[in-house]
Each structure stands twice: as C-alpha cells, then as structure tokens.
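Quick note on labels: first sequence line is chain A, next is B, and so on, each numbered from 1. Keep in mind that this is a model prediction, so the values were computed, not measured.
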Amino acid sequence: MKNEMHLEFSALSQNESFARVTVASFIAQLDPTMDELTEIKTVVSEAVTNAIIHGYEENCEGKVYISVTLEDHVVYMTIRDEGLGITDLEEARQPLFTTKPELERSGMGFTIMENFMDDVSIDSSPEMGTTIRLTKHLSKSKALCN
Amino acid sequence: MKNEMHLEFSALSQNESFARVTVASFIAQLDPTMDELTEIKTVVSEAVTNAIIHGYEENCEGKVYISVTLEDHVVYMTIRDEGLGITDLEEARQPLFTTKPELERSGMGFTIMENFMDDVSIDSSPEMGTTIRLTKHLSKSKALCN
Amino acid sequence: IGEIQRFIRDDGTVKVSRSLKELGNKIRRAKDELSKTLGRVPTVQEIADHLEIEAEDVVLAQEAVRAPSSIHETVYE
Ligand SMILES: Nc1ncnc2c1ncn2[C@@H]1O[C@H](COP(=O)(O)OP(=O)(O)O)[C@@H](O)[C@H]1O
Ligand SMILES: Nc1ncnc2c1ncn2[C@@H]1O[C@H](COP(=O)(O)OP(=O)(O)O)[C@@H](O)[C@H]1O
Ligand SMILES: [Mg+2]
Ligand SMILES: [Mg+2]
C-alpha cells in the first residue's frame, strides 16, 4: 500500500530540524532501525541546507519542497528548490568541491547522500532550480513477531 | 518574521501521529509550554481524524492538507480536506453530536478545538469539502535568557 | 479530553525544549540498553514500546538532544 506526503516550507535555516523530524516521523511507520533514521535525517539536512544556502543564498522567501513516498519497505524521497541551480553538475558532485569555501563548507553533501542512500539522481538548471531524487531500501530483517 | 509550512498527506489513520508530530515540531520553534504543545497536538488529531473518517470515509486516496504560519507568538493553522463536507454546520458543532455513533465517536471534536484554540472557524460544503482555520496565541511569559 | 500525553511530569508549564530534552536523554539510554540486550541497533518501534510512547514522538524528542548544528556544519550523531 502506498503512502505519500508532500511538504513545503520557507527557506530558513531554523527549519532544518523541522524538515528532519517531518521526514523521519513519516518513515517511522516502516519501523526502521535508529541508524537508518539517522542516515535519512542526515541526508535531509544536507539536501535542505544546500537548497537554502546554495539554491536561495539564504533568501527567506524561497520555498523548499520535500516529497516522500513509502511503498513496501522502500523510501522514495525528492528534495527540490526553485533557486539558482547548479552550473557544473559533475564538478559539484565531486567530494570536497564547494562553491562557498568562505562559509567553511565541507563540500561533502553529495558524497554523504550517495553513501547513505541506495540511489541519488540530480536534475538542475538555472531556469528550473534543483531537484534531488533519492531512494532507500530499508532492511526487513526485524524480529519475527511484529 | 514570518515562517510557514504546508503539508499534504494521504488520508490514512496511520498518518495521524505523523501529522501531530510534524505540526508540533514546527511550533516547537516558538518554545511553547508542554501544555500548549499538547493542546495543539490534540487539536490536530481531532481535525485530521475528522477529515479521514468523515470527510473521506477512510478512502485512502483522499488528501489531507495542513498549513501552519508562525508570526510573532501566534500560530495560524488550517486543516483542510476535499471530502464530503458538513451538511448542518450548527448541528455538527454541538457537543456530543456525531453522525457516526456506530464508530463510538465522542462527538467532542469541535468542542475540544474550541477549548484549546483561541479562534476556530469552519467553512464546509459538499462541493468544496471542509476547511478548519484555527488560531492560538502562545504565552510570552518566558524566561528572559533564551 | 482526547488523548493527553504527559511526557515526563505533570507540570504542563514546563518548557517544551526542556521536556523534550529529558525525553531525548531517556531515548539515548534506551537505545544503549536495547542495543546490549538485542545485540543489534534497535528499531524505532522497539524504543517506542520500551518507553511507552509513539514512534513519531521518539523522533521528535531525539531531535531535541541533537548537538546544535549551525547551518554551516552537519554534526554526526
Ligand atoms: N540546491 C542547490 N542549488 C544550487 N547549487 C547547489 C545545490 N546543492 C548543491 N549545489 C552546488 O553543489 C556544490 C556541492 O554541494 P555539496 O556537496 O553539498 O557541498 P557544500 O554544500 O559543502 O558546498 C555546492 O557548493 C553548490 O555549488
Ligand atoms: N472534515 C469533515 N468532513 C465531513 N464531516 C465532518 C468533518 N468534520 C466533522 N464533521 C461532521 O461533524 C460531526 C461532529 O464532529 P466532531 O465534533 O469531531 O465529532 P465526531 O468526530 O466524534 O463525530 C461529525 O460527526 C461529522 O458529521
Ligand atoms: Mg552541502
Ligand atoms: Mg471528530
């Protein structure tokens, strides 16, 4: 049975925590392990932070869009902004690459997403903004009595 | 400074806890008391349950829409469905009135909303569905060091 | 009226941030305990059952004890 949710919120850094909790509490229905939840929350942090500081350069009028679909034991997540977009995607995805070194960015956002999720795909352009699609298959090896 | 969020999710009763926690997490930014948070969570439960069991009669394809705006210390919340609508609004708002006694409904949903929120307004029709607008002014008597 | 959940104590005037932090610490301890007894990382429902709260509330309280992360850094738990 399919279950979906869509979230939209102001591009304010104070909403990062809220975004993490919203996504994690939705996924909690599938009874993930505490580690899986932490990984997903971290990925949300990275993508939402990117939308706010790179996509919108902290313009609080920007909106961040998150969608999550749960089907069987798979999490399908999309995190989107209508901001500036990424000019060189291949370069952006390289570990340690950042266009904002003055903010002490680690440049590791995409690397983290790729490590913690099973699939990551990115669509981006100056006209459209940036859309990140991520998939994670949750482990099913839980206690037999559920 | 204004902060807003919009949430849409499938009309499934298993999403009720998710809706409560999502709204609570957003409002937590204003550092309410536990009573205020509990009251708002209860109101969300009541309105979301109404949308699912009365608005959509548990048709999981229905969508429930929640919007929350935070401005100064005021919470503006809207909970909406595009379901069946309420035929007699004055009657529906009466304490203990329910159109589903077979489900052991208490009929107290609207009464609870009116008790826990400062303002409750309802728009409903068979064409449009039901929209509940609620306002709550959070107490400002906080510690000076925050 | 309805379902009133009291987190830790009956003092409803306690600030949410403090109440959630206390619950968050309980969750941390529960996670450690269950990891030992189960021999693996517990699931969110296992922690929820242990503390007699809902899984979604485990998520909410756990965020309250996350080390403060500025927009400029991601902290790993
Ligand atoms: N949503 C986005 N909008 C515009 N540019 C982005 C977005 N997300 C990532 N980028 C670009 O990709 C680069 C790499 O991102 P990331 O790996 O998260 O590292 P960091 O955020 O530390 O710079 C960023 O420096 C930025 O130039
Ligand atoms: N979203 C809704 N859509 C359609 N009808 C509704 C909705 N919410 C409330 N109602 C109607 O108003 C009545 C009173 O609601 P409420 O006070 O919550 O009591 P209860 O849910 O226990 O019946 C319901 O029995 C139903 O007929
Ligand atoms: Mg980044
Ligand atoms: Mg009701």
Which atoms of [X] come close to chain A, meaning under 4.5 Å heavy atom to heavy atom: side chain ones, backbone ones, both, or neither?
X	value
B:K63	side chain
B:L12	side chain
B:Q29	side chain

Review point. If every non-hydrogen atom of A:F18 is compared with every non-hydrogen atom of B:T22, which pair is closest and at what distance?
Key: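 Nearest heavy atoms, A:F18 then B:T22: CE1-O, 3.4 Å.
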Practice item. Give the minimum heavy-atom separation between A:T69 and A:E4, together with the two atoms involved. Key: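 Heavy-atom minimum between the residues: OG1-CB, 3.8 Å.
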Review point. Just wondering, are more than 12 heavy atoms of other shown residues or ligands nearer than 6.0 Å to CD in B:E61?
Key: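 Result for CD/B:E61: open.
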Point to revise | Side-chain H-bond candidate by donor/acceptor type, B:E8 with B:H6, under 3.5 Å | key: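 No, B:H6 and B:E8 have no side-chain donor paired with an acceptor closer than 3.5 Å.
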